[in-house]
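Please read the structure below before turning to the comments.
Predicted model only: the values in this text are computed from it and were never measured.
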Amino acid sequence: MVVTGAPTRPGRSAYAGGAERWHSDAALVYAPLAEHLIARSPLAPGGIRALDVGTGTGVAADALRAAGAAVVGADLEPDMARFAARRGPALVADVARLPFADAGFDLVVAAFVVNHLADPAAGLGELRRVTRAGGAVLCSVFSVDRSAAKAAVDRVALRYGYHPPDWYRQVKVYADRVGTSAALAAAARTAGFAEVEVSCQPVDVGLADPALVVRARLGMPQLRTWFDSLDARRRASLVGEATEAVRETGERFAPEVIEAVLRPRSPVRISRAGDGPLV
C-alpha cells in the first residue's frame, strides 16, 4: 500500500473505522449506483486496465473485475483502502495527486468523488492525466434535487438530537457546486475534456423495503457515529420511526444522479432523462 501524503479534506476522519458498516449498509445504495455508472462505459471492460478512484470498500472495482477488467483501487482513507485491498490491488492516494504515470489506464471510474472536492475541475484534470488517449473517465455525483426518503430519515434523526457535523455541511457546499448537469459539464470542460456527455436521471437501486433505505442512510459517515452513540432502545425507536417516515413518502427509492462519460474529443452534450440534448 502506498501513502502519498495527501492533504486532509472535510470529513476524511469520519470514514476511519467505518469500512465494515459502509460495506454492509451504505453500499446497499452505492453498489447498484456504481454498477449503473459502469454500464455507461464506452469501452468493453474485458481485458482493460481500470482505476477506481475513491474506491471506498471497492464496490465499483468489484463490478469491473467481475466484467473482466484489471482494476486498481485508490482511496484517501486508509481504512477504506485496506478493506478494498482484500479483493484486489488498492492503495491510499489523493485524487488531486495520483501516484500513477500519465495515460496509464484505459478507464477511470470516479463514483461520488468529485463532489468532495473544493476544486472539482482540478480533480477531473488529474483523472484525465492518467487516462490514455481513446480511453474514458466515468464520473457520478448526486443531483441537488434531494431524495424525499433521505430527507425523511434525516428529519427523524434531527428530532432525536442529531446535528449535522461541520465537515458534512462543508462537503454539501462542494457537492452543490457540481450538483447540476451544466455545472458538472463546465467542470469537465475546464479540466480539458472536449467530449463530455452528461445525463441526470433517478436511479432505482432496488431497495423496495423502507427499512433497507433507513439502514443504508444510517450507515453514512455523517450519521453513523452519532447513531451508534445512542442506547439500544433509542436506536430501535429511531429506526422504527424513520422506517415509517420513509414509507409515508410513497417514494420508490431512486436517488437522482448525474453521470458523465468524459473523452478527449467532440462537442459537449448534456441531456436529462426524457429530454433532448442540451448544449
Side-chain angles (χ1 to χ4, degrees), residues 15 22-23 26-27 29-77 80-81 83-85 87-117 120-142 175 178 184-185 187-188 191-193 195-201 203 205 255 257-264:
Y15 289 78
W22 177 276
H23 199 66
V29 171
Y30 283 88
L33 290 180
E35 292 169 3
H36 191 273
L37 177 63
I38 289 166
R40 298 198 58 193
S41 174
L43 307 179
I48 66 171
R49 179 168 168 77
L51 172 64
D52 179 22
V53 176
T55 191
T57 59
V59 292
D62 289 345
L64 285 165
R65 288 191 189 100
V71 189
V72 176
D75 200 280
L76 189 60
E77 172 49 51
M80 292 290 191
F83 191 99
R87 301 183 307 285
L91 51 83
V92 178
D94 178 16
V95 63
R97 294 205 307 267
L98 293 170
F100 303 112
D102 294 357
F105 296 94
D106 304 297
L107 181 70
V108 176
V109 175
F112 306 98
V113 175
V114 300
N115 50 293
H116 285 257
L117 304 179
L124 287 167
E126 182 68 348
L127 301 185
R128 183 175 62 84
R129 180 187 67 78
V130 300
T131 305
R132 69 165 175 82
V137 173
L138 306 178
C139 172
S140 60
V141 299
F142 286 114
V178 288
L184 185 57
F193 291 99
E195 181 178 329
V196 179
E197 183 179 339
V198 183
S199 66
C200 182
Q201 66 280 309
V203 179
V205 296
V257 176
I258 301 168
E259 296 175 328
V261 180
L262 311 177
R263 304 194 78 180

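The two atoms that bring Val257 and Leu33 nearest to each other are CG2-CD2, 3.9 Å, heavy atoms only. Residues Ala67 and Pro45 come closest through the heavy atom pair CB-CG, 3.4 Å. A pairwise comparison of heavy atoms in Leu127 and Leu98 identifies CD2-CD1, 4.0 Å as the closest pair. Closest of all the heavy-atom pairs between Asp52 and Ala61 is OD2-N, 3.2 Å. In plain terms, the two heavy atoms of Asp75 and Gly56 that are nearest each other are OD2-N, 2.7 Å. Pairing each heavy atom of Ala34 with each of Val59, the nearest pair is CB-CG2, 4.3 Å.
Side-chain contact check for Leu37 versus Phe112: every heavy-atom pair is 4.5 Å or farther apart. In this structure, the side chains of Met80 and Thr57 come closer than 4.5 Å at one or more pairs of heavy atoms. Looking at Val198 and Ile258, their side chains come closer than 4.5 Å, going by heavy atoms from C-beta outward. Considering only heavy atoms from C-beta on, Leu107 comes within 4.5 Å of Leu64 through its side chain. Residues Asp94 and Glu126 form no side-chain contact, since every pair of their non-hydrogen atoms from C-beta on lies 4.5 Å or further apart. Under the 4.5 Å side-chain criterion, counting only non-hydrogen atoms from C-beta, Leu184 is in contact with Val114. You'll find the side chain of Ser140 stays beyond 4.5 Å of the side chain of Ile38, heavy atoms only.
Checked by atom type and distance alone, the side chain of Asp106 pairs as donor or acceptor with a backbone atom of Arg49 at under 3.5 Å. Here the side chain of Arg263 pairs a donor or acceptor atom with the backbone of Gly135 at under 3.5 angstrom. For Asp62 (side chain) and Ala60 (main-chain N/O), no donor-acceptor pair under 3.5 Å exists by modelled atom type.
In this pair, Trp22 and Tyr15 present their aromatic rings tilted. The plane angle is within the 30 to 60° band. Ring orientation note: the planes of Phe100 and Phe105 are nearly perpendicular, at an angle over 60° on the 30°/60° scale.
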Practice item. Using the side-chain contact (heavy atoms from CB on, under 4.5 Å) rule, take Val53 and Val109 through it: C-alpha gap first, then chi angles, then the decisive distance, then the call. Key: CA-CA 6 Å; Val53 176; Val109 175; over 6 Å; no
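Between Arg132 atom CZ and Ile48 atom CD1 the span is 8.5 Å, to the nearest 0.5 Å.
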